[in-house]
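Notes for the one structure printed next.
Sequence lines set the chain letters: A, B, ... in the order given, protein chains first and strands last, and positions in each chain run from 1. Just so we're clear, the structure is a prediction, and the values are computed from it rather than from any experiment.
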Amino acid sequence: MVQYLLEDSRVVDFVSHLQACKTVYAPHRKGTSSFAFAPVDDPTAVVLDYNRTLHSVKKYFLPPTETLLSFDLRTNEFTESEIVPCDAVFLGVHSYDLRAVHKLDHNFRQENPEKNYLRRREEAAFVGVSFEPDAFHFSGSVGIGSRDSSGFDVFLTRIAAGYILTAHTPVGQELVDGFVMPEYTGDLPVPPGFKQHIYVPQDKLSEVFEHSYRNDVWLETAEKCVGCGTCNLVCPTCYCFNVEDTVEITIDGGSRARTWDGCMLRSFTEVAGGEVFREESAARQRHRVYRKFKYISDRTGEPWCVGCGRCNQACTAGISIVSIVNRLVNDYDREVVETA
Amino acid sequence: MSTDLDIKVHHLTRVEGHGNIVVNMKQGVLEKARLEIVEAPRYFEAMLKGRSFHEAAIITSRICGICSLGHQITSLKATEQALGLEVSEQTVLLRKLLIHGATLQSNVLHAYFLAAPDFLGVGSVFPLVGSHPEIVKRALRMKRLANDIGDVVSGRAVHPITPVPGGFTRIPTEKELLEIRRRLIEDMVPDYLATVDTLQALAEAIPDFTRETEYISLRSDHDYALYDGDICSTDAGRVDTADYLGMTNEFIVPHSTSKHCKVSRSSYMVGALARWNNNHDKLCDTALNAAGALGLEPNCHNPYMNTIAQVVEAGHCAMDSVAIIDRLLDDGLKNERPNQEPTRYGTGIGATEVPRGVLYHEYTYDRQGRVAAANCIIPTGQNLANIDDDMKALVPEIIDRSKQDITLMLEMLVRAYDPCISCSVHMLDVQFKE
Amino acid sequence: MAKPRVGIFDFTGCEGCELNQLNFEDQLLDILGHVDIVEWREAMDGQVDELDIAFVEGSLSTPECITRIHEIRRKSKVLVALGACAVQGGVNAMKNTRPIEEVREEVYGDQKYLFPTLPALPLSAVVKVDFAVRGCPMTQIEFLKVFTSLVMGKAPIEPDSAVCVECKLKENECVVDKGMICLGPITRMGCGARCPTFGQYCNGCRGLVSAPNIEGMQEILVEKGLAMDEAWKRLQLYNANQLEGVQR
Amino acid sequence: MTNASRTPSAESRDLYLPVMAAITDIRKMTEFETLYEITLPGGAELGHQPGQFVEVSLFGMGEAPFSVSSSPTRKGSFEMGVRRVGMLTDVMDRMQLGEKIGVRGPFGNGVPVEKFKGKDVLIVAGGIGLVPMRSMINYVLDNRGDFDRLIICYGARSDGELLFTDELKMWADDPRVEFHVTVDHGSTAWTGHTGVITTLIPGLDLDMPQTRVLVCGPPVMYRFVLLALRSKGVAEENIYMSLERRMKCGVGKCGHCQINSSYVCQDGPVYHYPDLKGLQEAL
Ligand SMILES: Cc1cc2nc3c(=O)[nH]c(=O)nc-3n(C[C@H](O)[C@H](O)[C@H](O)COP(=O)(O)OP(=O)(O)OC[C@H]3O[C@@H](n4cnc5c(N)ncnc54)[C@H](O)[C@@H]3O)c2cc1C
Ligand code: SF4
Ligand code: SF4
Ligand code: SF4
């Protein structure tokens, strides 16, 4: 595969070049110290060196709130809402976020393939960028390197002078066609290491989790957890939702919309007379972590966490999924392996 | 001529807060003529004591939802002075814009929803929805735009969010300001002129009653004083705001959960009419033309004309908002962070003209930046003695009329002051006992 | 079907919630098309004997309030509490954290006997409250939701998750990242995370979620830099009644 | 999975759009429960299995899952028995003949009918649990030759709360059915068995290896019925049960009904008891 050099000074031109082909979504600064994907308006506002965005690109395929249909109460009829595919380039996506998209693909395709998600998703092209792991990233531990280009149409690897650009798919080739760059023949410096790790692979985790249902860590974490649901809502592989009808003030119509929901929220499993199936905060925390490393993983063989570190960074109580998992592994090794 | 009269209006309607009108005349002798304030006190001082300077304005804006912006800005000014926090010119301009929005909305609300039903002989604005839909819609449009100024600049018109000590937590965007500006010119101006027309036709319903009164407001050399200025009295002249206590002199009366005030005489008036009498020279042409059309003249001593003065000043708020937006945009919006590094811990005073008159907040902070003492003097509280004095003068003048008529005249009098009883009761001066 | 007859009432509070009802400039005419407002002291004259829906603002803080709220409950089929004062006691309830005599004396000195007062209570402490519109001031979008539900004859759904949820749905930058201290994690959503959206911290005006982890929240506040007593005051601002008896 | 950035969506479907169906019959069963007959446009078949459910939508109110109560052998329309408990069911209670409701489904796995063929079928239904079980009962009756004995144990809180009273009589009179009914608290007119549903089980004459059991009822019932069945000697692998959770989508996406790794709307609502035993959150 040919490697090109995209010099820092030409990044803006490259963004403009992409814009000439398609709508481009890319990371922008948001607030004082955060980043968020947004449609590119001004190419100079794009930020490729960022730690992580508030939300992943999931928000474009599974919007935080999505109208499923609108209804007319006078005629008792409904109109389906139009689903517009994201025929766009997603620029500056990190490897773990694309992997998360693939996991969502699985969730929305298996058993009952869902048109809403899959239609939005189908035309999207991805231009990835490598990242420098910060204190929260641990995707390396779940098999996703900081320069992992698999699945991308085009990938940019950060080096001192700029980025090494490689096109991986015909779609990617088309995107860079016409943008002249020098070939890059130099070496690839060693990628920066991760600062956080889960020390065992998924098949061992599966075993660990088999034995961890009653571990004390759930209760201990529950003491700190305030149940705000943030960890669910920032997670690129969470996809649970709620559905609610809203009626216009004119009372002659309204709409049905789905909104991101999360299993850490107490009302998520509330039924008759206020009974909550996972009433204990500890049980909810356990459910969340099991969903990332056990329930779906046992069916697919892969962890369902991509190691982006969002849940830990965003948690005001500082709860770390890495610490929880490592604690389980330690306890398992001590209680099960050593005593065997 | 009847010599006995006994009027008791329990929980007067179409005013903010709870008050009763009590008039009692026996054999031609007026025994009682007063507005009894029966609003339950809320003891804000208990809430303020020991709170951080970040919270003072959040708490004091809850004194009153009608005047929440006025309290908030006044509180911020007092806090900033006490802590030595400088604010930028942009901050001052945005605050002035907010005050215009709040004054505009409050004056429109009062004129259309609370006072107009009296002029039209109905009990509320609701019958007007059917009988005068255009007028109601116009009022709603004007109110909406005025509130949108608050929503856009301060996050919420009632209990604003973004104004904090030292600045704003969010600066509006250029696009948002341009949209407000467009609507001010395209919608507000015609609606305002139409309002003046409508009122002109109703102006004869305004009672003709005059009583010589001391008027107190802020006065500034630069503009029509709302955001800041010296204290100015028609009797006593200009006084520095540092002497605000001498310009209020609060005292407790048994018939009121709110304290009363006086300066040169037994009572004085604050509010739109006081501002008009003191500062009409600083109004823009739109407002002065409206004053001409509505027969409002300098040195007006008819309290019923307060409603007219509100409408006149609303025109100024609208036009000056456009000017402020132009200045902000000419200077270029800067994404400033609020300046919250105290340079000292002491006492500060804020004085602002809010819709009902001049409002004072004074705080003393301890070395941790927590409130050690607080004092707030509210416009409606300042007006209460004047309302009682007006009643005492008015009742003998109209004693020939039916009891029903007299009651209506008294109700209209109180409403003309646009009293905000919540405010007057909820914030009382306090020296904390240690 | 006859239009529901609606009354609006106020107790101890700032009347900002009532004002907010007049601030529905774009919807007011629709609202008036669905219901007849028959009693509202702040906006109209007159009183009635029977109501379908009563919207009540303010907390109860004098003996007279108690009598009046019973009267309102008696004449109304559905009673909706409007705003933090009515739902939780609101900022008024902070005075409950200090001996009432002391507070009265501070304000009125030796003339305190003139003005009787009680601890500031939410409506639900005295009468049955059917539904709530939370917030200080009451959240307008929630009012419209409750209103349309009632007009349609269904029970409105009360949100019971944290403000953080709405902050996330809007992809706001967390104000904690700006060095602020926010009560969003245990405050009941429904306002659209209004304050964080405008760059300010949430001060808890909509009350707490139904099973809040107060100790966890306290720990966070202290961790982020508030002294314990300050953390406690922050929490009490809108929730003094809810925190009564909770260990600090 | 990792190499395809574009996903083919040809096979993807509209999962959330209801079909508007007419209420063609309404039969009030008790003060709270009503039986609705629903006819799809053009009399189309729902195509369900006993034990499956549909999502009913009423615009402005939302959606809720309801079991199909009629047997797939009864063609042209289907039935649902609905208990009035809240927002959506209140409005349903006020609906008139001919009005339309939205329907999505059928969803869920249904009863694994094959496992019951050639066996003795024991149905234990408590309260509203009879609504889904009725589908299976009538299915067995309409395919009588495929099954051996049909034993029904049905319990209600009082005789006034008994559902499908006409059919109960028919079953009682039908020599092909062994029908047992009990009420917790009988009125003075009640001459039948009194006591909670578990009291019916010890008296049953069961051919153990031959019996397959299907249980459906309120959450509290399961534990006691299971105890009674086991002390009777019923093997765990011969027990099936139908569970209920709140559901937003019915198609395995929204996550609300998940019990550990299982989605009630996909892997249930009918579970093989040994599968549930491992799920701590299930019962
Ligand atoms: C697979 C399945 C099959 C079902 N079959 C039937 C049936 O055949 N007949 C029938 O009457 N009902 C059935 N239900 C229950 C039915 O879905 C609920 O009663 C219904 O959702 C209530 O809706 P509502 O809007 O009227 O009540 P709401 O206003 O939503 O709630 C009223 C009360 O019911 C509770 N509730 C809501 N949904 C559920 C639920 N899924 N499980 C338990 N409690 C709930 C609420 O928490 C509340 O206390 C079934 C549920 C499932 C999951
Ligand atoms: S569980 Fe946490 S670290 Fe893993 S993908 Fe989700 S947000 Fe990222
Ligand atoms: S700003 Fe407050 S409400 Fe928003 S996410 Fe952060 S802690 Fe939660
Ligand atoms: S963010 Fe918090 S303080 Fe602001 S309105 Fe919402 S609940 Fe109230």
Sort [X] into side chain, backbone, both or neither according to what part of it lies under 4.5 angstrom from a heavy atom of chain A.
X         : result
Pro212(C) : neither
Met152(C) : side chain
Thr187(C) : neither
Phe24(C)  : neither
Glu219(C) : side chain

### Query
If you tally heavy-atom pairs under 4.5 Å against chain C, which of Ser267(A), Ala317(A), Gly229(A), Gly318(A) wins?
Ala317(A)

### Query
Which of the residues Asp261(A), Thr250(A), Val234(A) is involved in the greatest number of heavy-atom pairs with chain C at under 4.5 angstrom?
Thr250(A)

### Message
Under 3.5 Å, is there a donor on one side chain and an acceptor on the other for Glu66(A) and Asn116(A)?
### Response
yes

### Task
Would you please say whether a donor-acceptor pair under 3.5 Å links the side chains of Ser33(A) and Asp177(C)?
no

#### Entry: Residues forming a side chain to side chain contact (heavy atoms under 4.5 Å, CB included) with Cys195(C), sequence neighbours excluded
Arg156(B), Ile161(B), Gln200(C)

Could you tell me which of [options] has the largest number of non-hydrogen atom pairs under 4.5 Å with chain A?
options                         : result
Asp30(C), Leu144(C), Leu169(C)  : Leu169(C)
Val163(C), Val165(C), Val176(C) : Val165(C)
Lys170(C), Lys178(C), Lys145(C) : Lys178(C)
Gln27(C), Lys224(C), His34(C)   : His34(C)

### Task
Could you walk me through whether Tyr96(A) and Phe131(A) pass the ring-ring contact (aromatic ring centres under 6.0 Å, His included) test, one step at a time?
CA-CA 10 Å; Tyr96(A) 51 79; Phe131(A) 64 94; 5.0 Å; yes

### Message
Looking at Arg29(A), I'd like to know if its CZ atom is crowded, meaning that more than 12 non-hydrogen atoms belonging to other residues, nucleotides or ligands lie closer than 6.0 Å.
### Response
no

### Query
For atom CG of Asp41(A), is the number of surrounding heavy atoms from other residues, nucleotides or ligands below 6.0 Å larger than 12?
no

### Message
Can you tell me how the ring of Phe55(C) sits relative to the ring of Phe143(C), calling it parallel under 30°, perpendicular over 60° and tilted otherwise?
### Response
tilted

### Task
Please state whether the rings of Phe90(A) and Tyr60(A) are parallel, tilted or perpendicular, taking 30° and 60° as the class boundaries.
tilted

### Query
Measuring heavy-atom distances to chain C, does Gln313(A) have an atom under 4.5 Å in its side chain, in its backbone, in both, or in neither?
neither

### Message
What part of Thr259(A) gets within 4.5 angstrom of chain C, counting heavy atoms only: side chain, backbone, both, or neither?
### Response
side chain

### Query
Is there side-chain contact between Ser161(C) and Glu166(C), with heavy atoms separated by less than 4.5 Å?
no

